[in-house]
Amino acid sequence: MNGLKKAFVGALAQALEQDAASLEASIVRPPDSKLGAFAFPCFSLAKALRKGPPQIAADIAAKVVAPEGTSVVAAGPYLNLVLKPCVLARMAVTSSLSLDPTGSVTESGKGRTVLVDYSSPNAGKELVYHHIRSTVIGAALCRLYGAAGWKVVAVNHLGDWGTQFGKLILMWLREHGMDQEKSLVDLGSVTLSDLNRMYVGFKPAAAEDPTLEEDARLWFARLEAKEAFARTCWERFIEVSKTELNKVYVRFGARFDHFLGESFYEDKLDATIARIAKAGILEESEGAQVVHVGENIPPCLIRKRDGATLYATRDLAAAIWRHEHFGCDRALYVVDAGQSLHFKQVFAVLERMQEPSAKACIHVPFGLVLGKGEDGNWSKVSTRSGTGSPLPAVMDMAAVEIGKTIRALALQKESDLTDSDIESLSESIGVGALVFNELKNKRLVDTKFDLEAILSFSGDTGPYIQYAHVRLSSILRKATKPLNPAKARWELLCEPETDAVLACLSQFGERIDQAVEANEPSLLSQYALELAEKVHSFTHHHRVLDVDATPERLLLVEAARRTLSRVLTILGLEAVERM
RNA sequence: GCGCCCGUAGCUCAGUUGGAUAGAGCAACGGAUUUCUAAUCCGUCGGUCGUGGGUUCGAGCCCCGCCGGGCGUGCCA
């Protein structure tokens, strides 16, 4: 497709006697694929040629030598490159059929490395529904970059350090009558919900007995001093947390190359601060040590008055360490938009330190998860609306609801899906629906948690797209003739609905690249919806099996199925074959 | 106060980096099923793109002001 664009530009350049490079930037996609594959707007030439744009378009159309298999037609002020139907069909189908199911789709990122910091929850607590955002967006970005040929390093910056672990150790001891021996014995069977209970229970307990706050600080100090008991408890708490986290990550298809939590950077903080000082930008302000980063933003706090380090200090140490070890061209921080100021400060400090990592760092912000309140208005997390519920519980609920729907429809259609089929499909479709809901809109738009709408089989939903893939798979299952692109009569793929699918398929690569450049998975989600719509329309209007055009239509069906499957996989939905 | 984000159909949102007649889904209404999964498709209804200026051959998109909403703002993460 790219070669075609170049040929178009080349032909125009020759007709206009102009430089090709300057023309290429102004080439656009027509709003409707029926108009052509590419278009050149003639407005900018009006002044120089002292003619109206439509006249210019007509003049060039008369003069230009169209590339083989195409025609260049004037349409008002535009020059459109129209492909002969068989050319578009051959190009779109053959390139889709050559898609590697797991390899890259484009090569735009070849030789470059991206680090993606995502999910990064606090350890010792259960995941709450809103944690879905960073997890799902980050995982999609990892696969998206991979599809564009990048080397991807996925990192989970786990919140595994701080006074909250002093609190947990203390609460654990209290639950065992302050008997260390006894509490160590029980440590093997501690669960994440135990940790969560203790975490939540600390606040009321401390309200009753204020000395607990000081005790918790003490226990954290012992942990920092690597005291054996504290250390053993902490290690076990982290292990339990990771085990539970991984269960969720598996369900989302989220993958990490490294768990490098905050504790990992603890012994690197002094060196980091020394480096900041050496750069001559560390200043004393109101007893704290800060770095000034600009007129309109507050300074970045590096060390508190009491000497303790802060969130920003750890992020600086992490940015520097990661850059030295992974050498990435881009480092994405998939973190909610509420932390924009924090990252602005941290990146500015890196800039002032003249760290090479400064240029690589990109904050990829996203909006909130809103739930419907009792008043019917959308508002921030609440347990009642479901947005404050534990994430695994919501995932289970989604799977159960989808299971009911599939079971009812399977009965109605007398399908031969077994119970275990339905169980595994419910998981794929239920979780897929949640994933798609998080990815379908621009990251910065707040997502609305409306389970009924999310799980609907009609509308802009995950199930709608998965169903398109199911219909294609179903046709291919019943096909008996082998696919043979070499003998295809491409001119038979000529109906409007067929053409729409072909045009959509031909855009796959550029959509991937656009999504990567904008760090915006929703660009691919929107593409998935477009493709699914066109597939549904095609399969509805045209019969594939047992007709004259069967060999060609089967090729189209397989091309569309492969592309749709790849898109679903990148987004994090399973391309199921039945439902 | 200051900073950032958002404002497009009754509701939820797209709008391909400034180009062709502003598009989908949901809801409502009307159609299509002897046919490969109709969980679908086709149609109708629905818009002063928050508002007032500016730049441009051309603005939903860029610049400035205002209105409305959200988030964040020095010792939490």
Side-chain angles (χ1 to χ4, degrees), chain A residues 26 28-32 35 39 41 43-44 46-47 52-53 75-78 80 120 122 159 161-164 262 285-290 296-306 308-312 314-315 336-342 344-345 365 367-368 370 378-380 405-406 408-410 412-413 415 440-442 444-448 450 453 456-461 463-464 466-468 470-479 497 507 510-511 514 517-518 522-523 525-527 529-530 533 535-547 550 553 557 578-579:
Chain A
S26 55
V28 297
R29 284 271 189 190
D32 190 328
L35 290 166
F43 304 100
S44 58
K47 222 168 221 172
Y78 290 88
N80 293 332
S120 308
N122 282 326
W161 204 245
T163 47
Q164 68 262 34
E262 295 183 315
S285 171
E286 298 172 32
Q289 292 184 297
V290 308
N296 278 325
I297 26 178
C300 183
L301 262 73
I302 304 297
R303 218 192 259 283
K304 299 201 279 188
R305 220 189 323 254
D306 65 5
T309 56
L310 292 115
Y311 180 35
R314 275 186 287 280
D315 266 354
D336 72 275
Q339 298 191 47
S340 295
L341 177 58
H342 164 75
K344 204 170 176 184
Q345 291 172 317
L368 304 168
L370 305 180
W378 294 101
S379 59
K380 216 175 156 179
T405 311
I406 296 181
L409 284 154
Q412 185 188 319
K413 294 191 171 186
S415 87
K440 74 173 170 182
N441 297 140
K442 285 172 295 192
L444 280 168
V445 175
D446 294 340
T447 52
K448 272 92 180 172
D450 179 349
S456 169
F457 280 72
S458 57
D460 294 345
T461 65
Y464 174 84
Q466 283 169 315
Y467 179 49
V470 164
R471 292 180 82 175
L472 297 175
S473 303
S474 182
I475 293 169
L476 289 162
R477 252 200 319 274
K478 289 180 177 152
E497 294 82 9
Q507 290 178 25
E510 69 186 87
R511 294 299 193 97
Q514 283 167 4
E517 281 323 299
S522 71
L523 293 178
S525 316
Q526 295 296 328
Y527 176 74
L529 283 170
E530 281 173 39
E533 268 168 39
V535 161
H536 277 308
S537 183
F538 168 78
T539 51
H540 184 88
H541 284 98
H542 305 289
R543 194 179 162 77
V544 176
L545 302 177
D546 310 319
V547 294
T550 293
R553 288 189 181 160
V557 166
R578 314 178 62 185
M579 62 196 274

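For the numbers below, each heavy atom of this structure counts, side chains included, while hydrogens, waters and symmetry mates do not. Just so it is clear, the structure is predicted and the values come from calculations on it, not from any experiment. Chain identifiers are assigned alphabetically (A, B, ...) following the order of the sequence lines, protein sequences preceding nucleic acid strands; residue numbering begins at 1 within each chain.
One finds a side-chain N or O of A:Ser458 lying less than 4.0 angstrom from the OP1 or OP2 phosphate oxygen of B:rC26. Here A:Lys440 does not reach the OP1 or OP2 of B:rC13: none of its side-chain N or O atoms lies under 4.0 Å away. Residue A:Arg471 has a polar side-chain atom (N or O) positioned under 4.0 Å from OP1 or OP2 of B:rA38.
Annotation: B:rG23 and B:rG15 have their P atoms spaced 15 Å apart (nearest Å). Taking the C1' atom of each, B:rU73 and B:rU17 are spaced 31 Å apart, rounded to whole Å.
Residue contacts for A:Pro77: at a heavy-atom cut-off of 4.0 Å it reaches no nucleic acid atom on any strand shown. Heavy atoms of A:Val470 sit under 4.0 angstrom from at least one base atom. Counting any heavy atom pair closer than 4.0 Å across all strands shown, A:Thr539 reaches a base atom. Across all strands, A:Ala39 comes closer than 4.0 Å to base atoms (heavy-atom distances). Among the atoms of the strands shown, base atoms are found under 4.0 Å from some heavy atom of A:Asn80. A:Gly459 comes within 4.0 angstrom of sugar-phosphate atoms only, judged by non-hydrogen atoms across all strands, and of no base. At the heavy-atom level, A:Ser340 lies nowhere under 4.0 Å from the strands shown.
In this structure, A:His342 and A:Tyr311 have parallel ring planes: the angle between them is below the 30° cut-off, well short of the 60° mark.
Every residue two or more places apart in sequence or in another chain that forms a side chain to side chain donor-acceptor pair (under 3.5 Å) with A:Asp336 is listed here: A:Gln339.
Donor-acceptor pairing under 3.5 Å, judged by distance alone, is present between the side chain of A:Lys413 and the base of B:rA39.
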For RNA chain B, what is the dot-bracket line, given that a base pair needs Watson-Crick (N1 to N3, plus N6-O4 or O6-N4) or G-U wobble (N1-O2 and O6-N3) geometry with both distances under 3.5 Å, and | means paired with another strand?
(((((((..((((.....[...)))).(((((.......))))).....(((((..]....))))))))))))....
Could you run down nucleotides 67-77 of chain B 5' to 3' and tag each one B, S or - for protein heavy-atom contact under 4.0 Å?
----SSSBBSB
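Closest to the side chain of A:Asp460, out of B:rC36, B:rG25, B:rC41, is B:rG25. Of the candidates B:rA20, B:rC41, B:rC2, B:rA20 carries the atom nearest the A:Leu35 side chain, counting heavy atoms from C-beta on. Of the candidates B:rU40, B:rA39, B:rA14, the closest approach to any side-chain atom of A:Val445 belongs to B:rA14.
Residues A:Pro298 and A:Gln345 come closest through the heavy atom pair O-NE2, 2.8 Å. The heavy-atom pair separating A:Leu529 from A:Thr461 by the smallest distance is CD2-N, 4.3 Å.
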